[in-house]
There are 2 protein chains.
Amino acid sequence: MEDHEKIDKARERIIEAIAQNIHLYGLVPSAGRQFGTMFFQNEPLTLDDMTEKLGMSKTSMSTSVRALSELKLVERAWKKGVRKDLYKVTDDWHQSFIDLFSIKWQRSVTLHSAAIKKSLAEYEELLQNPTLSDELREVVEIDISKLKYMKDYYNWLERLIDAFEDQRIFDLVPKFERDSKN
Amino acid sequence: MEDHEKIDKARERIIEAIAQNIHLYGLVPSAGRQFGTMFFQNEPLTLDDMTEKLGMSKTSMSTSVRALSELKLVERAWKKGVRKDLYKVTDDWHQSFIDLFSIKWQRSVTLHSAAIKKSLAEYEELLQNPTLSDELREVVEIDISKLKYMKDYYNWLERLIDAFEDQRIFDLVPKFERDSKN
DNA sequence: TTGTTTGTACAGTTAAAACTGTACGAAAAA
DNA sequence: TTTTTCGTACAGTTTTAACTGTACAAACAA
């Protein structure tokens with residue numbers, strides 16, 4: 001096997017690993033392959049470069065590069081004299097992880113918190129009603145306790161997100177091990 | 001509106017919020033609705049109960065309850081005299097989050113680490129070859145430095161997973177706020 | 001043993017999403 | 001200005017995943 005083939009094979013293995021795990025980012029394997037391909041290029045790529053390297057339509061490249069950008073896995077790059085949009089992989093993967101974590105979970109926290117607040121208010125209002133049957137009163141009280149549990153949980157999640165966003169997570173888990181024996 | 005309708009509406013809002021966010025667990029909305037429905041029941045449910053409550057096939061209930069179980073979002077319950085399988089939602093959501101986090105990311109870490117190790121070995125072998133052209137030697141060296149970066153990142157991710165699994169995350173982000181002002 | 005009940009494998013169908021090609025607006029080049 | 005280039009919206013197609021109904025094995029009951 002030629003040397004350059006060996007290199008390609010070694011790269012391909014990594015790219016495939018990325019493709020198989022990119023679903024954790026809510027992306028489809030082909031977007032992972034796109035990311036992996038960009039990772040091994042030492043220059044930013046244009047949409048046309050990607051089309052050529054991956055053998056997919058330019059439209060696909062455009063949509064998936066946008067998805068990758070939204071998750072901050074790739075970012076735009078500039079190079080003088082080049083008119084086309086250029087993209088390169090973000091160089092701080094820890095930060096990418098944190099961004100992913102924030103973006104994905106913050107949405108969930110916000111949505112749930114709003115729903116919980118609204119439903120809790122409705123339940124409390126029900127309790128004010130003196131004609132509410134004892135049977136239903138008990139149901140409402142149980143539901144309220146469940147919602148309060150959810151509320152505590154999402155409050156924790158919110159604080160967890162904060163701990164990632166403001167980098168305090170690195171106090172608990174430093175970027176590099178003290179005494180690595182690798 | 002009847003009282004019980006108000007209760008249903010308040011519950012439905014929460015269930016829908018869960019359904020809309022369950023994709024974070026790699027599940028589809030209907031599985032979220034199933035989970036949400038179980039959450040508001042005070043007794044464990046059978047597959048037939050779920051079929052009735054959600055108006056979906058028993059086969060679907062079976063497959064999605066298994067998916068929910070694998071993520072430790074629901075667990076089997078036992079009740080004397082009941083032959084059918086019973087399921088209820090797990091009561092420690094913080095732990096469910098940790099389990100999710102572990103299950104999902106550990107796979108990724110393992111897979112990537114193996115790929116990186118293998119490719120790194122192949123690159124090192126290439127470097128041993130004295131006939132390797134200077135041009136390719138440089139490519140290999142750049143790739144090696146990229147793989148080492150990946151390796152460090154996945155090592156961090158592994159330690160992060162550990163910090164969740166052994167509950168040290170709660171040192172950084174306690175389950176309950178000290179002085180909560182809700 | 002034989003007859004029920006229960007959960008799930010499997011094949012088929014329906015629904016969703018990934019992907020492509022065309023067409024077009026915006027921006028740069030001529 | 002006109003012409004060219006570039007990125008993406010959109011409609012249509014293909015691929016994939018979700019869901020259903022049937023059929024059957026395992027476990028229990030009679």
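Per chain, numbering begins at 1; letters A, B, ... match sequence-line order.
Applying the ring pair (Phe, Tyr, Trp, His ring centres under 6.0 Å) rule to pairs touching residues 3-32 of chain A yields A/Tyr25-B/Trp105, sequence neighbours excluded. The salt bridge (charged side-chain N to carboxylate O under 4.0 Å, His left out) pairs that include a residue from residues 47-62 of chain A are A/Asp48-A/Lys58, A/Asp48-A/Lys84, where partners are two or more places apart or lie in different chains. Listed by first and then second residue, the salt bridge (charged side-chain N to carboxylate O under 4.0 Å, His left out) pairs that reach into residues 130-144 of chain B are A/Arg11-B/Asp143, sequence neighbours excluded.
Clustering of Ile, Leu, Val, Met, Phe, Trp and Tyr by side-chain heavy atoms under 4.5 Å joins A/Ile103 with none of the others. In this structure, B/Leu86 shares a hydrophobic cluster with B/Val82, the cluster being traced through Ile, Leu, Val, Met, Phe, Trp and Tyr side chains under 4.5 angstrom apart.
The CG-P distance, from A/Asp85 to D/dG7, rounds to 4 Å in whole Å. Between B/Asp49 atom CG and C/dT6 atom P the separation is 11 Å, expressed in whole Å. What separates CG of A/Asp48 from C1' of D/dT8 is a distance of 13 Å, to the nearest Å.
Listed by residue number, the members of residues 18-39 of chain B with any heavy atom below 4.0 angstrom from DNA chain D are B/Val28, B/Ser30. Remark: B/Arg66 in residues 66-79 of chain B come within less than 4.0 Å of DNA chain C through at least one heavy atom.
In this view, A/Thr131 and A/Asn129 satisfy the side-chain hydrogen bond (donor to acceptor under 3.5 Å, both in side chains) rule, not counting sequence neighbours. Partners of B/Tyr149 under the side chain to side chain contact (heavy atoms under 4.5 Å, CB included) rule, at least two apart in sequence or in another chain, are A/Asp92, A/Trp93, A/His94. Residues passing the side chain to side chain contact (heavy atoms under 4.5 Å, CB included) test with B/Thr110, sequence neighbours excluded: B/Gln106. With sequence neighbours left out, the side chain to side chain contact (heavy atoms under 4.5 Å, CB included) criterion links A/Pro29 to A/Ala19, A/Arg33.
A/Trp156 has its ring centre less than 6.0 Å from the ring centre of B/Phe170.
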Per-nucleotide protein contact along nucleotides 20-30 of chain C, 5' to 3', at a 4.0 Å heavy-atom cut-off (B base, S sugar-phosphate only, - neither), is BBB-----SS-
